[in-house]
Amino acid sequence: MRTSQYLLSTLKETPANAEVISHQLMLRAGLVRNLASGLYTWLPTGLKVLRKVENIVREEMERAGALEVLMPMVQPADLWEESGRWDDYGPELLRLKDRHNRPFVLGPTHEEVITKLVANEISSYKQLPLNVYQVQSKFRDEIRPRFGIMRGREFLMKDAYSFHLTDECLEKTYQIMFDAYCRIFDRLGLDYRPVIADTGSIGGEASHEFHVLAESGEDDIAFSDASDFAANIEKAEALAPTGERPAATQDLTEVSTPSVKTIEDVANFLKVDVKATAKTLLVLGEEVKGQPTPVIALVLRGDHQLNEIKAEHLPLVASPLTFASDEQILAAAGCDAGSIGPVGLNIPVIVDRSAAHLADFVCGANKNDVHFTGANWDRDCAEYTVADIRNVVEGDPSPCGSGNIIIKRGIEVGHIFQLGQKYAEAMNCGVLTEQGKNQTLTMGCYGIGVSRIVAAAIEQNHDKYGIKWPAAIAPYQVAIVPMNMAKSARVKETAEAMYEQLQQAGIEVIFDDRKERPGVMFADHELIGTPLLLVIGERNLDNQELEVKNRITGEKSMIKIEDVMSLFA
RNA sequence: CGGUGAUUAGCGCAGCUUGGUAGCGCACUUGGUUUGGGUCCAAGGGGUCGCAAGUUCGAAUCUUGCAUCACCGACCA
């Protein structure tokens with residue numbers, strides 16, 4: 001490609017509303033342009049990268065035995081009613097109507113469509129297992145799109161779905177896909193980790209996420225410092241403290257704590273360690289028909305934070321997790337938030353394992369501006385259950401039994417699930433077995449955020465000059481940068497010949513034939529991140545040499561013109 | 001959904017306090033100059049000042065409403 005015939009679209013200045021480095025560089029290098037919140041146009045350079053990622057994903061899917069299909073983005077609402085997700089999915093699901101006033105959705109994912117298809121197409125166990133995938137645009141009406149391509153509303157996703165007669169067969173395919181995902185991220189040249197994950201709104205049993213490690217990631221990942229253990233913090237188990245709970249030594253005592261609200265304030269005011277306090281959060285319980293909404297108390301050690309995912313998985317607690325309103329708090333506890341405690345509370349109390357290990361602790365007294373000191377479980381509050389409801393923190397013992405927890409940020413670029421029969425059952429998707437009996441299929445599903453990978457790759461590979469693409473996804477492998485081509489016939493001839501030769505060899509080459517000064521060309525190609533620059537200048541032509549600059553290592557070297565092709569061997 | 005801030009040329013911004021019909025840098029066009037790290041000079045083109053209403057002889061500027069965009073928060077006991 002000649003730059004004179006190309007849409008280079010680089011920017012010198014960083015657009016004001018781009019926050020993270022990948023978003024800034026994608027705009028400056030002319031990869032994407034914003035259309036509206038969370039919606040982007042891919043420019044030629046960006047699209048080349050996107051397609052490369054897509055092709056690597058596609059090759060590995062084919063190698064894993066998955067079959068490519070393409071499903072519609074617009075899906076009839078009744079499919080979603082059949083699966084139950086019309087009600088469950090929430091406002092991220094964009095709903096719309098056609099001219100006949102029939103309801104549709106813009107697909108955020110395709111379990112319904114594929115399960116319906118398989119229910120219609122597959123009728124015998126002999127056709128199983130089946131694994132199909134597509135690379136297609138998804139639409140999720142995100143509450144807050146941000147970080148450019150990273151959390152857009154419309155984005156490119158590879159989604160695969162597998163269908164099986166037995167759980168054993170599903171597990172086998174799950175492992176094949178797990179391995180395929182590792183190969184994909186290896187080939188992409190990314191620093192990534194597979195982590196144990198929660199299944200979220202998709203539903204199902206076993207699940208792993210694949211995270212690209214980066215400071216700007218939106219997820220916290222808990223690692224063990226002594227083993228391979230890695231889990232999304234949503235899922236990382238906080239173990240109970242070891243040993244017996246210390247015995248009570250203090251009497252339960254009311255203390256006045258006027259206008260002291262937060263747990264830090266209480267600890268400071270009473271001159272105790274936050275770790276010796278318990279905080280009590282009121283959330284809504286699971287509705288029982290014909291009765292007022294129940295309120296549940298969750299008790300945590302003062303320095304710990306509630307894990308909403310763990311909490312909403314508890315049978316008593318409503319899902320999604322909803323905090324009680326001020327009125328509901330007053331009705332249930334007889335005081336305002338800030339003075340609630342488990343002692344004498346007349347609602348179900350669920351205590352985190354660490355909070356349950358406290359003795360002589362500080363907590364609210366269910367009277368405004370009053371707290372207890374010297375509170376003790378069983379003696380002062382007998383009715384409670386213990387559960388793991390907090391986030392792990394650095395230094396906690398790892399749930400794998402070896403080492404301690406460290407926490408890093410990650411960008412979720414892949415997620416695989418063992419779904420089980422949730423959709424197959426709802427959509428009546430089954431086959432005849434060898435014994436001639438109808439059997440519901442069991443499913444797996446496997447997603448990769450193709451467009452998000454482009455942003456994640458930049459987060460991991462950049463410097464102050466711009467993007468440093470891993471070779472596998474660089475838009476061009478090499479750039480020809482001629483010095484003063486307009487004046488030097490020799491430079492022009494050499495550059496043109498080099499361009500011709502590289503093109504003939506099938507190498508993706510961008511030839512900067514603009515009438516620009518060298519600095520402009522260098523800056524542009526460094527911004528775009530082309531891995532190799534061939535600098536052709538008058539001063540080296542007497543020796544039949546040109547300069548090779550490596551964008552990744554920064555190394556410069558001279559090479560004979562006749563030897564250039566050896567760079568691509 | 002809550003909070004904060006922004007909206008003036010493709011991009012980055014000034015002008016607004018104190019109302020008089022819009023400016024700077026980059027980018028773009030033309031001519032010249034320069035040519036191994038974002039040259040320099042000159043001349044140009046491009047804006048319903050987010051939208052709507054109001055105040056006023058007169059509104060980018062003051063008032064009100066709305067919209068859009070961004071960031072933070074949605075963990076508060």
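Note that the structure is a prediction, hence the values are computed from the model and not measured. Numbers restart at 1 for each chain; the letters A, B, ... are given by sequence-line order, proteins then strands.
- Side chains of S488(A) and E538(A): a donor on one and an acceptor on the other come within 3.5 Å.
- Atom C1' of A70(B) sits at a distance of 43 Å from the matching atom of U33(B), rounded to the whole Å.
- Using a 4.0 Å heavy-atom distance criterion, I263(A) is classed as a sugar-phosphate-only contact.
- Applying the Watson-Crick and G-U wobble criteria (two distances, each under 3.5 Å), C71(B) pairs with G3(B).
- Counting any heavy atom pair closer than 4.0 Å across all strands shown, S339(A) reaches sugar-phosphate atoms only and no base atom.
- Under the side chain to side chain donor-acceptor pair (under 3.5 Å) criterion, the residue pairs touching residues 336-349 of chain A are D336(A)-N368(A), with sequence neighbours excluded.
- A donor-acceptor pair shorter than 3.5 Å cannot be found between the side chains of D396(A) and N404(A).
- Taking the ring centre of W80(A) as origin, the terminal cationic atom of R95(A) falls outside the region bounded by 6.0 Å and 45° from the ring axis.
- A27(B): no Watson-Crick or G-U partner with both key distances under 3.5 Å is found in any strand.
- Summarising the geometry, atom CD1 belonging to I411(A) is positioned 11.0 Å from atom CZ belonging to R151(A); distances are rounded to the nearest 0.5 Å.
- The existence of a salt bridge linking E496(A) and R2(A) is confirmed by a sub-4.0 Å separation between a basic side-chain nitrogen and an acidic carboxylate oxygen.
- A donor and an acceptor atom, one from each side chain of E209(A) and N232(A), are located under 3.5 Å apart.
- Across all strands shown, G36(B) forms no Watson-Crick or G-U wobble pair with both key distances under 3.5 Å.
- As rounded to whole Å, 10 Å separates atom P of A77(B) from atom CD1 of I340(A).
- For W377(A), the ring pair (Phe, Tyr, Trp, His ring centres under 6.0 Å) criterion is met by F361(A), Y384(A), not counting sequence neighbours.
- The partner of G65(B) is C51(B), judged by Watson-Crick or G-U wobble contacts that both fall below 3.5 Å.
- Ring geometry, Y6(A) versus Y476(A): the interplanar angle exceeds 60°, so the pair is classed perpendicular (tilted spans 30 to 60°).
- Look at R514(A) and D512(A) and you find a salt bridge, because one of the NZ, NE, NH1 or NH2 atoms lies within 4.0 Å of a carboxylate O, short of that distance.
- The partner of C76(B) is absent, by the rule that a Watson-Crick or G-U pair needs both atom distances under 3.5 Å.
- At a threshold of 4.0 angstrom between heavy atoms, the contacts of R390(A) with the nucleic acid are absent.
- OP1 or OP2 of A70(B) has at least one side-chain nitrogen or oxygen of S37(A) nearer than 4.0 Å.
- Side chain to side chain, H23(A) and Y40(A) meet the donor-acceptor criterion of an N or O pair below 3.5 Å.
- At the heavy-atom level, T280(A) lies under 4.0 Å from base atoms of the strands shown.
- Near RNA chain B, defined here as any heavy-atom distance below 4.0 Å, the residues from residues 521-546 of chain A are F522(A), A523(A), D524(A), E526(A), V535(A), G537(A), R539(A), N540(A), listed numerically.
- A heavy atom closer than 4.0 Å to some atom of RNA chain B occurs in no member of residues 342-360 of chain A.
- At a threshold of 4.0 angstrom between heavy atoms, the contacts of N34(A) with the nucleic acid are absent.
- Checking U18(B) for Watson-Crick or G-U wobble geometry (two distances, each under 3.5 Å) identifies no partner in any strand.
- In this structure, R153(A) places its CZ atom 12 Å from C1' of C69(B), rounding to the nearest Å.
- The separation between R28(A) atom CZ and G38(B) atom P is 15 Å, rounded to whole Å.
- Comparing the C1' positions of U18(B) and U56(B) gives an interatomic distance of 16 Å, to the nearest angstrom.
- We find the CD-CG distance between E312(A) and L321(A) to be 6.0 Å, quoted to the nearest 0.5 Å.
- Heavy-atom nearest nucleotides on RNA chain B were determined for N307(A) and for A486(A), and the one closer to the 5' end corresponds to A486(A).
- S37(A) and R153(A) are not linked by any side-chain donor-acceptor pair at a separation below 3.5 angstrom, with hydrogens and angles left out of the test.
- Nearest to the side chain of P15(A), among G36(B), G12(B), G38(B), sits G12(B).
- For the pair E237(A) and P399(A), the tightest heavy-atom approach, listed with the atom from each and the gap, is O-CG, 3.5 Å.
- When heavy atoms are screened at a 4.0 angstrom cut-off, K556(A) is found touching no nucleic acid atom at all.
- Put simply, CG on D512(A) is 19 Å from P on U35(B), counting in whole angstrom units.
- With hydrogens and angles ignored, a donor-acceptor pair closer than 3.5 Å exists between the side chain of E547(A) and the base of G36(B).
- Using N1 to N3 plus N6-O4 or O6-N4 for Watson-Crick, or N1-O2 and O6-N3 for G-U wobble, each under 3.5 Å, A9(B) pairs with nothing.
- Pairing for G45(B) is absent, with no Watson-Crick or G-U wobble pair whose two atom distances lie under 3.5 Å.
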Could you run down the sub-3.5 Å N/O contacts of the protein with nucleotides 39-43 of chain B?
unit_1	atom_1	unit_2	atom_2	d
U39(B)	OP2	R517(A)	NE	3.0
U39(B)	O4'	R517(A)	NE	3.4

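- Salt bridge R409(A)/E218(A): absent, no basic N to carboxylate O contact under 4.0 Å.
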Atom pairs under 3.5 Å: protein N/O with N/O of nucleotides 71-73 of chain B:
unit_1	atom_1	unit_2	atom_2	d
C72(B)	OP2	R144(A)	NH1	3.2
C72(B)	OP2	R144(A)	NH2	2.9
C72(B)	N4	R144(A)	NE	3.2

